Protein chains: 2
Amino acid sequence: MQAAAAVIAIQPVEKRMPAARKHAANCSSCNLRELCLPGALDAEDLARIDNLVYARRRLKRGEALYQAGAEFKAIYAIRSGSFKASLFDGDGREQVSGFFMAGELLGLEGLGSGAYQAGAIALEDSEVCVLPYALIEQFCREIPALQRRLHTVLAREIVRDHGVMMLLGTMRAEQRLATFLLNLSARSKRRGYSSSEFHLRMSREEIGSYLGLKLETVSRLFSQFHDVGLIDVDYRHVRILDVQGLERMLREPSAHVPN
Amino acid sequence: MQAAAAVIAIQPVEKRMPAARKHAANCSSCNLRELCLPGALDAEDLARIDNLVYARRRLKRGEALYQAGAEFKAIYAIRSGSFKASLFDGDGREQVSGFFMAGELLGLEGLGSGAYQAGAIALEDSEVCVLPYALIEQFCREIPALQRRLHTVLAREIVRDHGVMMLLGTMRAEQRLATFLLNLSARSKRRGYSSSEFHLRMSREEIGSYLGLKLETVSRLFSQFHDVGLIDVDYRHVRILDVQGLERMLREPSAHVPN
DNA sequence: CGCAGAGTTGAGGCGCTTCAAGAGCGGTGG
DNA sequence: CCACCGCTCTTGAAGCGCCTCAACTCTGCG
């Protein structure tokens with residue numbers, strides 16, 4: 001229970017939500033639940049975890065959900081908005097390790113360890129559900145399906161990181177950006193939005209940090225993709241014109257790039 | 001139990017081990033346990049998980065413990081020897097995602113998902129403990145300390161991957177190799193071996209794949225490190241002469257490399 | 001309306017790759 | 001035991017891709 005006590009500064013759901021909206025804090029009535037921690041839990045299990053969400057928290061654009069190195073207390077599920085996660089090392093390097101959108105989980109790397117390794121910053125006004133670790137531990141012991149789901153979600157995070165390693169280790173710049181755009185497209189689609197048209201919530205510099213490129217290179221690639229008819233770009237608004245063209249780029253050999 | 005049944009081809013511990021050596025299959029009598037899954041479990045909990053190790057398996061150099069994409073049945077703890085994990089994508093790219101040594105766990109990314117994402121190959125004659133997922137799930141429900149430990153271990157794997165992302169995304173070639181050598185040194189020390197002198201079990205090409213470099217570059221860097229007095233190299237035998245020199249390299253700004 | 005931050009575009013250079021040739025090591029068979 | 005062969009490693013020369021530096025434009029916000 002110490003983890004729950006540690007987030008006491010945040011108002012519990014009951015106090016924050018007027019009675020009329022209170023239901024919205026329950027996983028069972030949340031339309032993002034399939035994407036989120038509950039996944040394909042059946043109705044009975046779903047009802048049992050309804051007070052797993054200890055609180056909600058709203059963040060403004062640019063605000064930090066937690067800092068790198070901060071004490072781990074809870075994982076967070078994104079209810080609305082989006083975030084970037086940033087890694088820091090002791091020598092002044094910074095690297096964006098991922099972008100996260102509605103239904104995705106933040107802070108998994110702190111599970112069972114003392115601290116968050118990456119910092120999480122809101123890329124727009126956002127809202128998250130706070131899932132205290134103590135509650136997660138308890139519910140996972142009681143509900144086998146949830147335990148398994150947590151493992152799945154953790155494994156998925158590892159697989160996601162592997163994708164980034166592959167991208168950084170083996171792809172040339174244009175393939176990295178193509179991968180990035182296709183990934184955003186797929187996640188946008190999965191959330192019921194357009195797969196071909198979306199708004200980038202992050203800067204060229206943040207994209208560059210994520211992809212292991214400089215912002216100028218990212219900018220040039222956007223222009224180049226536009227020139228060959230793969231996409232339309234207007235600042236942060238992107239429309240994909242030729243999905244297969246982007247996919248084809250990934251199959252090209254990566255000359256002049258590490259194996 | 002289906003996971004345990006699926007590994008039936010491997011002889012259970014009781015059958016493989018003569019009575020005199022049988023104890024060696026128990027975590028409680030394994031001198032690697034602190035590094036491994038059990039971690040700092042107390043004696044009582046340790047006794048309870050003694051048949052978590054369903055079997056042992058020996059592999060020869062070059063043999064695959066499991067292939068990428070194979071059905072996930074168990075995680076593996078390295079009892080002796082070492083492994084590389086390799087990632088593959090659909091477009092013919094390959095990337096070494098890590099090197100693993102005694103006491104470390106393989107196959108975590110398959111937890112709760114259907115399949116291993118990376119393949120694991122023995123870099124020398126090795127032996128592993130087989131930990132069936134069904135048993136892990138069950139023991140974690142019964143033993144809170146083990147549940148937490150599993151989370152810690154999973155989170156550590158994520159943190160490890162973040163380190164690789166940082167390395168690939170922000171460091172120049174010589175910093176990558178320095179990081180690699182310092183990492184091997186620390187892990188060697190932690191296992192009771194020399195921190196300054198060790199034998200590389202992997203080829204230059206495998207190192208290169210891991211570091212996002214070509215094998216020729218790796219080779220040149222070894223020579224260069226030798227020339228400036230940082231290390232002695234004789235093929236795969238390495239001796240670190242100047243730890244602080246290597247550490248100093250990491251602090252240098254990374255001109256001509258992504259942010 | 002002005003200013004700061006974000007994005008674009010150009011010119012030049014460095015770092016790592018590519019291509020190539022040769023040397024060293026280990027395993028195998030005579 | 002030695003000679004051979006394949007694989008790994010080393011080293012050199014040349015080139016490409018992305019970075020650096022820099023100037024300018026566009027956008028959003030007070």
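None of these values were measured; they are calculated from a predicted model. Chain letters run A, B, ... following the sequence lines, proteins first and then strands; every chain starts at 1.
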query = Under 3.5 Å, is there a donor-acceptor pair between the side chain of B:Arg251 and the main chain of A:Asp91?
reply =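 Not at all, since once roles are kept as given, no pair shorter than 3.5 Å links the two residues.
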task = Mark yes or no for whether A:Arg204, through its side chain, and A:Tyr235, through its backbone, hold a donor-acceptor pair below 3.5 Å.
result =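 Here the side-chain-to-backbone pair exists.
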query = When you check the gap from the basic side-chain N to the acidic O, do B:Lys60 and B:Glu63 get nearer than 4.0 Å?
reply =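 Salt bridge absent between B:Lys60 and B:Glu63.
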query = Would you call A:Glu127 and A:Arg56 a salt bridge, taking side-chain N to carboxylate O under 4.0 Å as the test?
reply =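 Salt bridge between A:Glu127 and A:Arg56, a charged N being under 4.0 Å from a carboxylate O: yes.
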query = Do B:Phe99 and B:Tyr210 have ring centroids that are under 6.0 Å from one another?
reply =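 Centroid separation for B:Tyr210 and B:Phe99: below 6.0 Å.
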Send over the distance from [X] [atom1] to [N] [atom2], rounded to a whole Å.
X        : N      : atom1 : atom2 : result
A:His226 : C:dG7  : NE2   : C1'   : 15 Å
A:Phe225 : C:dT8  : CZ    : P     : 13 Å
A:Leu213 : C:dG15 : CG    : P     : 18 Å
B:Asp234 : D:dT8  : CG    : P     : 17 Å
B:Glu206 : D:dC7  : CD    : C1'   : 13 Å
A:Glu252 : D:dG17 : CD    : P     : 12 Å
B:Gln224 : C:dG15 : CD    : C1'   : 11 Å
B:Gln175 : C:dC14 : CD    : P     : 18 Å

Tabulated below should be each protein N or O lying under 3.5 Å from an N or O of nucleotides 9-11 of chain D; please produce it.
residue: D:dC9; atom: OP1; partner: B:Arg236; partner atom: NE; Å: 2.9
residue: D:dC9; atom: OP1; partner: B:Arg236; partner atom: NH2; Å: 3.1
residue: D:dC9; atom: OP2; partner: B:Arg204; partner atom: N; Å: 2.9
residue: D:dT10; atom: OP1; partner: B:Arg204; partner atom: NH2; Å: 3.2
residue: D:dT10; atom: OP2; partner: B:Arg204; partner atom: NE; Å: 2.8
residue: D:dT10; atom: OP2; partner: B:Ser219; partner atom: OG; Å: 2.6
residue: D:dT10; atom: O5'; partner: B:Ser219; partner atom: OG; Å: 3.1
residue: D:dT11; atom: OP2; partner: B:Ser223; partner atom: OG; Å: 2.4

key: Pairs flagged by side-chain hydrogen bond (donor to acceptor under 3.5 Å, both in side chains) wherever residues 80-90 of chain B is involved - sequence neighbours left out   =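 Residue pairs passing side-chain hydrogen bond (donor to acceptor under 3.5 Å, both in side chains), neighbours aside: B:Ser82-B:Glu124, B:Lys84-B:Glu206, B:Ser86-B:Glu94, B:Asp89-B:Arg93.
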Axis-to-axis angle between the two ends of the helix from C:dC1-D:dG30 to C:dG30-D:dC1 (five base pairs per end, rounded to 10 degrees) =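 End axes: 40° apart.
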message = My understanding is that only residues two or more places apart in sequence, or in another chain, count here; which of them pass ring pair (Phe, Tyr, Trp, His ring centres under 6.0 Å) with B:Phe225?
response =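 Checked B:Phe225 against ring pair (Phe, Tyr, Trp, His ring centres under 6.0 Å); zero matches.
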key: All ring pair (Phe, Tyr, Trp, His ring centres under 6.0 Å) counterparts of B:Tyr66, not counting sequence neighbours   =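 Per chain and number, B:Tyr66 pairs via ring pair (Phe, Tyr, Trp, His ring centres under 6.0 Å) with B:Tyr76, B:Tyr116.
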ask   = Quick one: salt bridge (charged side-chain N to carboxylate O under 4.0 Å, His left out) pairs with a partner in residues 177-189 of chain A, sequence neighbours left out?
value =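 Found A:Glu104-A:Arg187.
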